[in-house]
Student: 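I have a structure here, written as structure tokens, and I will follow up with some questions on it.
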Amino acid sequence: MLPNANAPQSKPEAGVLFVGIDLGTSHTAIAASNGNRCSIDSIVAYPRDVISQKALGKDKLFGAEAWRHKHACDVYRPMQKGDVKYAELDGALNRDPARQQQAVRDLMQHVLQLAKPRPDDLVYAVIGAPAQASIHSQKALLDAARGVLDCVMICSEPFAVAYGLQFLTDTLVIDIGAGTTDLCRMHGSLPAPEDQITVSAAGDAVDRKLFELLKAAYPEASFTVNMVKGFKEKFAALAKVDEPVRVTLPVRGVPREFDITAQVRQAVESIVPEIVGSLHQLIGDYDPEFQAAMRNNVLLAGGGSQIIGLDKAIERKLNELGGGRVTRVQEPAFAGANGALHLAQDMPAEFWQQLDA
Ligand SMILES: Nc1ncnc2c1ncn2[C@@H]1O[C@H](COP(=O)(O)OP(=O)(O)OP(=O)(O)O)[C@@H](O)[C@H]1O
Ligand SMILES: [Mg+2]
């Protein structure tokens with residue numbers, strides 16, 4: 001985030017809608033200066049032929065509705081990133097990579113409409129991107145935003161979370177998303193590349209692991225990776241659970257109950273070592289005078305922060321390395337978008353990039 005050659009002369013005070021957009025692999029959230037906010041699954045679907053178009057009565061579907069009609073549509077999860085490709089596990093997804101860029105643009109346009117801008121509003125948007133988004137993906141985001149947004153700034157997702165909660169000094173943010181976990185050290189100024197680590201130990205990796213473990217344990221059962229994601233969201237826990245986790249899966253069309261307690265636990269545990277390793281690395285490289293403060297200021301964000309007991313599991317690991325305290329953000333679905341909105345309202349003109357239509 002540096003002063004920009006294409007910056008507007010000044011930032012307008014009226015006739016402008018500021019928005020923060022968290023454009024995630026799994027969910028997209030928007031928070032706007034007119035008080036509107038919403039969150040949807042990052043899924044876009046286009047009816048596959050004239051029949052499906054007639055039946056559905058529209059040419060684009062979004063979020064949960066898009067997924068419901070996946071058999072009648074070409075379905076995109078356009079923000080896919082990280083090492084785990086959902087498309088490999090569900091053949092219905094992302095059939096035509098050339099249309100992914102269009103799907104990103106349509107998704108942005110859709111969430112912007114959900115924020116209800118007035119027709120004549122200029123839209124200034126801060127978009128949260130992964131901590132180490134490559135130049136290529138930043139360019140792809142800007143290209144997708146052209147014609148949808150007027151002025152844009154891209155910032156790292158964990159930075160947006162910390163900014164929104166005013167955790168700006170000696171804080172370490174761990175944002176456990178779907179495609180990636182982004183870790184970012186905050187020291188009172190804009191984070192530099194060496195303050196950030198992105199790893200693929202995140203929600204999609206848990207889904208993939210659980211999918212594979214269940215396939216190995218119960219080869220007779222039929223299920224999709226999306227069903228497995230649902231089991232994880234309902235049952236993922238690192239704390240001791242009293243009740244065994246039982247789910248119903250079809251076996252050659254007949255529903256049967258399976259105990260998946262051990263598999264859920266093993267899948268969730270599989271992402272912890274890499275996250276803690278990166279956390280340790282970022283703390284260990286920091287100024288030794290302030291390491292203790294940072295250790296006690298670990299902020300856990302993103303959908304994956306809802307894994308029951310994950311905060312305590314990370315604290316236990318930190319204790320082996322000198323102690324620490326982990327706090328979970330209150331609203332994981334909106335923490336990134338809220339922070340991005342605060343940034344949009346605070347950042348002066350020179351940091352913005354004006355987009356030509
Ligand atoms: N209750 C829950 N328990 C465990 N995991 C959950 C829960 N709710 C959501 N998740 C997982 O959190 C992940 C989504 O998190 P989030 O919405 O922060 O990701 P994202 O911002 O879309 O992804 P990314 O930041 O990687 O682009 C998904 O893998 C989802 O399955
Ligand atoms: Mg995210």
Side-chain angles (χ1 to χ4, degrees), residues 20-31 38-44 63-64 67 76-86 89 104 107 111 126-133 137 140-141 154-162 164 173-184 196-211 224-239 241 245 264-265 267-272 275 299-311 313 328-340:
I21 302 178
D22 179 357
L23 207 50
T25 310
S26 166
H27 99 286
T28 293
I30 187 165
C38 71
S39 158
I40 64 165
D41 291 342
S42 303
I43 296 178
V44 184
W67 192 251
Y76 291 83
R77 197 180 190 235
M79 298 307 296
Q80 176 168 281
K81 62 181 195 238
D83 294 344
V84 184
K85 305 274 180 272
Y86 251 55
L89 301 181
V104 176
L107 184 62
V111 291
V126 170
I127 302 177
Q132 288 174 326
S137 66
L141 272 185
I154 295 180
C155 78
S156 86
E157 287 179 16
F159 174 68
V161 169
V173 185
I174 308 176
D175 178 357
I176 306 179
T180 55
T181 291
D182 297 314
L183 298 97
C184 180
Q196 311 184 14
I197 295 181
T198 293
V199 294
S200 58
D204 287 358
V206 176
D207 300 347
R208 166 158 233 159
K209 182 87 189 166
L210 185 52
F211 186 83
T224 66
V225 69
N226 197 49
M227 289 160 72
V228 166
K229 179 176 186 236
F231 301 152
K232 172 197 71 179
E233 291 176 3
K234 204 156 165 206
F235 302 113
L238 278 165
V241 283
V245 178
V264 170
R265 171 114 193 176
V268 176
E269 269 171 356
S270 69
I271 62 166
V272 177
I275 294 174
L299 203 56
L300 198 56
S305 68
Q306 296 170 91
I307 295 170
I308 296 163
L310 180 59
D311 47 350
R328 282 197 326 192
V329 302
Q330 291 291 327
E331 285 192 304
F334 284 104
N338 285 343

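Note that ligands are numbered from 1 as they come in the structure, with each ligand's atoms numbered from 1 the same way.
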Student: Backbone N or O of D311 within a donor-acceptor pair of the R328 side chain at under 3.5 Å?
Tutor: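 Not at all, since once roles are kept as given, no pair shorter than 3.5 Å links the two residues.
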Student: Report yes if some N/O of Q306 lies less than 3.5 Å from some N/O of ligand 1; otherwise report no.
Tutor: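 Yes - when backbone and side-chain N and O of Q306 are compared with those of ligand 1, one distance drops under 3.5 Å.
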Student: Using a 3.5 Å cut-off on N or O atoms only, is G303 in polar contact with ligand 1?
Tutor: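 The answer is yes, given that G303 and ligand 1 share an N or O pair closer than 3.5 Å.
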Student: May I ask you to check whether D207 has an N/O atom sitting below 3.5 Å from an N/O atom of ligand 1?
Tutor: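 By distance alone, the answer is no.
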Student: Go through ligand 1 atom by atom and flag the ones less than 4.0 Å from a non-hydrogen atom of K232.
Tutor: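 What qualifies from ligand 1 is 5 (N), 11 (C), 28 (C), 29 (O), 30 (C), 31 (O).
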Student: At a 4.0 Å threshold, what atoms of ligand 1 neighbour a non-hydrogen atom of G179?
Tutor: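 Close to G179: 26 (O).
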Student: Side-chain contact test, heavy atoms from C-beta onward, threshold under 4.5 Å: evaluate it for Q196 versus S156 and give yes or no.
Tutor: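 Contact flag for Q196/S156 side chains = yes.
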Student: Using side-chain heavy atoms (C-beta onward) and a distance below 4.5 Å, is I30 in contact with C38?
Tutor: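 Result yes, sub-4.5 Å side-chain heavy-atom pair found.
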Student: Could you tell me, atom by atom, which parts of ligand 1 come under 4.0 Å of a heavy atom of G203?
Tutor: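 Checking each atom against G203, I get 29 (O).
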Student: Considering the heavy atoms of S26, write down every atom of ligand 1 situated less than 4.0 Å from one of them.
Tutor: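 Checking each atom against S26, I get 14 (C), 20 (P), 22 (O), 23 (O), 28 (C).
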Student: Using non-hydrogen atoms of the residue, decide whether G304 is closer than 4.0 angstrom to ligand 1.
Tutor: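 It does, in that a heavy atom of G304 comes within the 4.0 Å cut-off of ligand 1.
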Student: Given that the side chain starts at C-beta and the backbone is N, CA, C, O, which of these parts of K229 lies under 4.0 Å from ligand 1, counting heavy atoms, or is it both or neither?
Tutor: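 Side chain only; the backbone of K229 stays clear of ligand 1.
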Student: Using a 4.0 Å heavy-atom threshold (strictly under), name the region of E157 that reaches ligand 1: side chain, backbone, both or neither.
Tutor: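 Within the 4.0 Å criterion, E157 contacts ligand 1 through side-chain atoms alone.
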Student: Could you walk me through whether T28 and S39 pass the side chain to side chain contact (heavy atoms under 4.5 Å, CB included) check?
Tutor: CA-CA 6 Å; T28 293; S39 158; over 6 Å; no
Student: Between A178 and ligand 1, is there a nitrogen or oxygen pair with a distance under 3.5 Å?
Tutor: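 Yes, at least one N or O pair falls under 3.5 Å.
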Student: So N338 and V161, do their side chains get closer than 4.5 Å, heavy atoms only?
Tutor: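 Not in contact.
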Student: Are any of the N/O atoms in L23 less than 3.5 Å from those in ligand 1?
Tutor: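 No; every N/O pair is 3.5 Å or more apart.
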Student: Under a 4.0 angstrom heavy-atom cut-off, which atoms of ligand 1 come close to T180?
Tutor: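 The list of qualifying atoms is 26 (O).
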Student: To check you understand the geometry: which heavy-atom pair defines the closest contact between A162 and V173, and what is its length?
Tutor: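 A162 and V173 have their closest heavy atoms at CB-CG2, 3.6 Å.
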Student: Is any side-chain heavy atom of T181 closer than 4.5 Å to a side-chain heavy atom of T198?
Tutor: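 Heavy-atom side-chain distance check fails, nothing below 4.5 Å.
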Student: Is the Mg ion (ligand 2) under 2.8 Å from any N, O or S atom of E157?
Tutor: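 An N, O or S atom of E157 is closer than 2.8 Å to the Mg ion (ligand 2), so yes.
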Student: Would you mind listing which atoms of ligand 1 come within a distance below 4.0 Å of any non-hydrogen atom of T25?
Tutor: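 Per the distance check, 20 (P), 22 (O), 23 (O), 24 (P), 26 (O), 27 (O).
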Student: S270 and K209: which non-hydrogen atoms are nearest, and at how many Å?
Tutor: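 S270 and K209 have their closest heavy atoms at OG-CG, 4.0 Å.
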Student: Salt bridge check: are D204 and R77 linked by an N-O gap of less than 4.0 Å?
Tutor: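 A salt bridge links D204 with R77.
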Student: Checking L300 against I176 for the side chain to side chain contact (heavy atoms under 4.5 Å, CB included) test, could you report, in this order, the C-alpha distance in whole Å, the side-chain angles of both residues, the deciding distance, and whether it holds?
Tutor: CA-CA 8 Å; L300 198 56; I176 306 179; 3.9 Å; yes
Student: For ligand 1, which atoms, with element, lie under 4.0 Å from some heavy atom of G302?
Tutor: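 Those atoms are 18 (O).
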